[in-house]
Amino acid sequence: METSSIDEIRHAFDEALKSVEHKKDLQDLKVEYLGKKGKVTGLMKEMKNLSEEDKPVYGQKVNEVRTHIQGIIDDTLEKFENEALEAQLKAETIDVSLPGRRFQLGSPHPLSRTIEDIEDFFIGLGYRVAEGYEVETDYYNFEALNLPKSHPARDMQDTFYFSDEILLRTHTSPVQVRTMRSEKGGGPVKIICPGKVYRRDSDDATHSHQFTQIEGLVVDENIRMSDLKGTLQLFAKEIFGPDREIRLRPSYFPFTEPSVEVDISCFNCRGAGCSVCKDSGWIEILGAGMVHPNVLEMAGFDPDKFSGFAFGMGPDRVAMLKYGIEDIRNFYTNDIRFINQFKPTEDGGVHNESI
Amino acid sequence: MRVSKEWLKEWIPVEASIDELSETITRGGIEVDDIIDYTEGIKNLVVGYVESVEKHPDADLLSICRVDTGGESNQIVCGASNVRADTYVVVAKVGGRLPGGIKIKRAKMRGQVSEGMICSLEELGVPEDFVPKEYQNGIFIFQEAYEAGSDALEALYLDDQVMAFDLTPNRKDALSIAGAAYETRALFGGEVKRPKSPLTEVDGEDENFKVTNEDAEAVPYYGARIVKDLTITPSPTWMQIRLIKAGIRPINNVVDISNYVLLEFGQPLHMFDKDNIGSEHIVTRFALEGEKMTTLDGKERALKDNDVVITNGKEPIALAGVMGGAFSEVSEETTTVLIESAMFNPVSIRQTSSRLGLRSESSIRFEKGVSHEFVNEALDRAAYLLEKYAGGSVTGNIIYDGELNLKNSEIDVTRTFINRHLGMSLTTDEITRCLSRLGLSTDTDGESMTVHIPSRRDDLKIKEDITEEVARIHGYDQLPVSLPEFTRITPGRLTDEQKKIRIIRRQIESLGLSQAMNYAITSRSKSVEFTNRTDGMELLMPMSEDHAVMRNSMIPNLVDNATYNVNRQQKNIHLYEMGKIFINKGQGNLPDEIEMLGGIVTGDMNQTDWLGAGVPADFYAVKGIAESIFEKLGVIEEINFRQTEGFKEMHPGCTADILLGDERIGFAGELHPKYASDHDLGRTAVFEINLDRLLSVKQGSIVYETLVKYPSITRDIALIVEQSVTADELISVIHHANAKYLEDVYVFDIYEGENVEAGMKSVALRLTYLNKEKTLTDEEVEAVHKPVLTALEEKGAAIR
């Protein structure tokens, strides 16, 4: 049985392989040897000329060559593909220091942040957030708050009027009155009222004809002034830091009796005296007091049975103190270089202090 | 109210330093917001006796003075024109200092030695406004003789500090030295010494003089005294300086005494030139509507029927509590005065003074109500001082009409009430001690008490007022700290709407818009932009044209914000604002307040420059932002955008109304290119949405659906339609064909140009079919898809 042609083909393939440089050459080689009209296929055609006992031996030899060639072609192909992939990956290497595709982020307004922080604190104490009209009646803004038309304290708040009876609210207190009325004389009432308020002031670094306010109101059967002090002390520690203390000073508001101004110990100098607290160690931050019996009565609560406390503060002032903002008009100018500073998340800091 | 420590000490002995005094008074409830220290920066200031004055040989405006400064005679060159020999003056000696860091040195002025300086009041730190006319632009000259070389600050009553009280409206009692003294007593103890007025009443021809109050509501009490044989001169130095320290400029002895007594007791007085009143009868009443009078500033005033006037029985001689009349005022020639000490209707005084813009030391006291107990005391005091310092004789008694209520009022309160209100456990004794320090006496009966209130504290009316006095005198530092014990536990939470507002804010900020906050009061011209409404709510008295009307739309402010930023080298401005607009329902009615969301996008969004990638500020950008909000709120299925020409500020081809169901709840679109360029803006898109309407849609909980196991089949359709046909119209035709299994339709390509006839466009849509029960076959899809194509063809679409 003549098998030298098989060895020749194998030898020829091995020789040809040496000159293969591209995937294309390899494919041509594959066709040349293993294709339908290929050399190895041609060998099989010789089978019919062989004796029955030679056929298996011959066939086995041809298959060996086929397997040999197929294996080499597969390996070489894989090698070429790996090389090509590697080249591609190398070509695709990028400069990771270039900016990412931008998904821009807007910033909340600093007053929104401040108001939300304060809201969340009181929600935690079981308060609800009550909102109301910005254009109000004289009755809800003044009279129901123990400020009849002839009251000299009306001068404390210069008011924008639309008519004798219609005005822009000067505080968010009308919301308190409306809420109390809707409760129809039953407690407890626990609300905070954030919102915009308006006063006839000339705009300058510390005055704005429009600003924000948050007032709180608690009415129930046995509310004491010590509860007011406790609540505001908790507030000061939560919002301004655990080391803060508060101090009450007598004051006057027509809708509360007794009335107090509430100072917090200065978070900047911790009471030593600095420019933030004008060297006093204390910063005036809230007005507060026990709800005046006339106010309770006008809102439908029996002042002999119910008592309550109320407090109010200005988020504008809180934010100015907290961030050291020098001019209240910055809040309403909407310079994006200003607003966008208030983008990042805030936390308690390493010392667990809000400020 | 400015309170001099030296003056206060004459009323009540208090040894505390000015800082301690101020701090304690502030903590007690009267804020001392400034301390003026007249000794600050002053050294070596003595009284000098001017022995002689000669002209400077080489300078017309200078004088050479020989001044005795105590045991030595110095030559001092002085530039003041009022310097004269035989006077006592203030001399800053060589080595001395004056406020503002001025050091006095031996000097030569135009060749003449000058050893020291003769001072003006301004040089001692007195504001020019309070310096008497005779000393303005000149040196100060004492009214009396002093020992040369003695401490000039002491002689001037300026060895002193003054506290400026920032009074709350309820503390009218502290608008006087008397009130300051009683407050000081409450805080420091001691006894208040009121000044005496040992006047001598002489008989006179004026005993027939009468006072009549026609209306007790206008004038409940009017008291008067007549003082004759007066000489108008400057008042004594101590009185002048006390007035100056209180912020009142001295004029002459009669006027000064009137002001001095006002400061002492808080009781305003008026001095008439009695000979010019024109009758022997004072009649007080409300003015007649339209009645005219000329006030002492020479202005003719038209009066209203709630003004109170003092008349001579025929015509007004003074506008009560506000201003005197022209012909009855005290002049240099006055020899007899009528002193008025009265109570006037506080509301009338307030209205008159604010209407005429005449607020004075008198009117601010009358409008808060004066104390009964000081009305006659002040009258006597002024008469006495006129007798002593103006050489007058007081004729007869007080002439008066009306009644003073000199009885104390009473307030009943219990210990339990006070303690329950404060959260304290004070004893009755502790409570009465606090009250007694304020000069309030108390009768106690067990735990009940009756507190007696003198008229100077008639601001105390109810038991809560007593609670406050006890708390502040006891000290708020003593108030314990507790938390409320509620009758019922209520959870704290936000309403659905408040939660959604927060969600929208986070969402829109994540999309790159920053939050703006603008003024709701805007200009008339801006109030009619981006709206059909032309009648904004107008302020009665706007402070400026820019802030006169309530806004009707959020967009004009946002456009201004964009312009402001663009003009400050910021390129890409993306802002939103939440706030109210105000729909006028008539000036006398509350408007409809609507919570709106407005947004503006100018310059690319998500711009990555080096990739050349970004989202342009076009209609589709703001539509996409709005849609993301609608999707978050779960209402996207109910929202439609409908082409509209919009407002004249908008691009008529790139604007849409936003519909929730059939209701218009806002708009989105691009600014009109002309409007944009007028505002220094390039291509800019805006949107505005009625949040109240949007948030009123209730969603309930999410409804979960099981995932479908079977595959869907898609069919693409390419249609040729007229350019004016909208995508929504085509989709609506498809939906109306009611094809079974149709899950979704969307536009994936729009093409105009080559191969498409002019005026036409090609729209490619992809339809997705799904049977949730089993796998769909091509035949089943074909059967339902064919009618869709037919429907489109019937509507004039050509299928490619």
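Below, chains carry the letters A, B, ... as their sequence lines are ordered, and counting in each starts from 1. Here the structure is a predicted model, which is why all the values come from computation and not from measurement.
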Mark yes or no for whether [X], through its side chain, and [Y], through its backbone, hold a donor-acceptor pair below 3.5 Å.
X: B:Ser482; Y: A:Asp227; value: yes
X: A:Arg128; Y: B:Pro491; value: yes
X: B:Ser514; Y: A:Gly106; value: no
X: A:Asp220; Y: B:Thr487; value: yes
X: A:Gln210; Y: B:Asn518; value: yes
X: B:Thr608; Y: A:Arg102; value: yes
X: A:Glu165; Y: B:Gly588; value: no
X: A:Lys229; Y: B:Tyr476; value: yes
X: B:Trp610; Y: A:Leu98; value: no
X: B:Asn606; Y: A:Arg101; value: no

Check whether any side-chain heavy atom of [X] sits under 4.5 Å from a side-chain heavy atom of [Y], and report yes or no.
X: A:Ile336; Y: B:Arg568; answer: no
X: A:Leu234; Y: B:Val481; answer: no
X: A:Glu134; Y: B:Phe582; answer: yes
X: A:Glu119; Y: B:Arg502; answer: yes
X: A:Pro108; Y: B:Glu509; answer: yes
X: A:Met225; Y: B:Leu479; answer: yes
X: A:Pro258; Y: B:Arg472; answer: no
X: A:Phe331; Y: B:Met517; answer: no

Within this structure, what is the [atom1]-[atom2] distance for the pair [X] and [Y], rounded to the nearest 0.5 Å?
X: A:Asp335; Y: B:Asn561; atom1: CG; atom2: CG; value: 10.0 Å
X: A:Tyr198; Y: B:Leu539; atom1: OH; atom2: CG; value: 10.5 Å
X: B:Gln607; Y: A:Gln104; atom1: CD; atom2: CD; value: 9.0 Å
X: B:His421; Y: A:Ile223; atom1: NE2; atom2: CD1; value: 11.0 Å
X: B:Leu540; Y: A:Ser163; atom1: CG; atom2: OG; value: 6.5 Å
X: A:Phe160; Y: B:Met543; atom1: CZ; atom2: CE; value: 5.5 Å

Atom [atom1] of [X] with >12 non-hydrogen neighbours under 6.0 angstrom:
X: A:Asp164; atom1: CG; value: no
X: A:Tyr133; atom1: OH; value: no
X: A:Arg113; atom1: CZ; value: yes
X: A:Lys343; atom1: NZ; value: yes
X: A:Lys149; atom1: NZ; value: yes

For A:His292 and B:Glu464, test the side chains for any donor-to-acceptor distance below 3.5 angstrom and give the result as yes or no.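 Their side chains do not contain a donor-acceptor pair, so the 3.5 Å distance test is not met.
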
Return yes if a side-chain donor-acceptor contact under 3.5 Å exists between A:Glu131 and B:Gln498, otherwise no.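 Distance-only check passes for A:Glu131 and B:Gln498.
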
What's the shortest heavy-atom distance between B:Thr168 and A:Ser251, and which atoms?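 Smallest interatomic distance, heavy atoms only, reads CG2-OG, 3.9 Å.
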
Taking the inter-plane angle between the rings of A:His209 and B:Tyr519 on a 0 to 90° scale, is it parallel (under 30°), tilted (30 to 60°) or perpendicular (over 60°)?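 Correct class here is tilted.
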
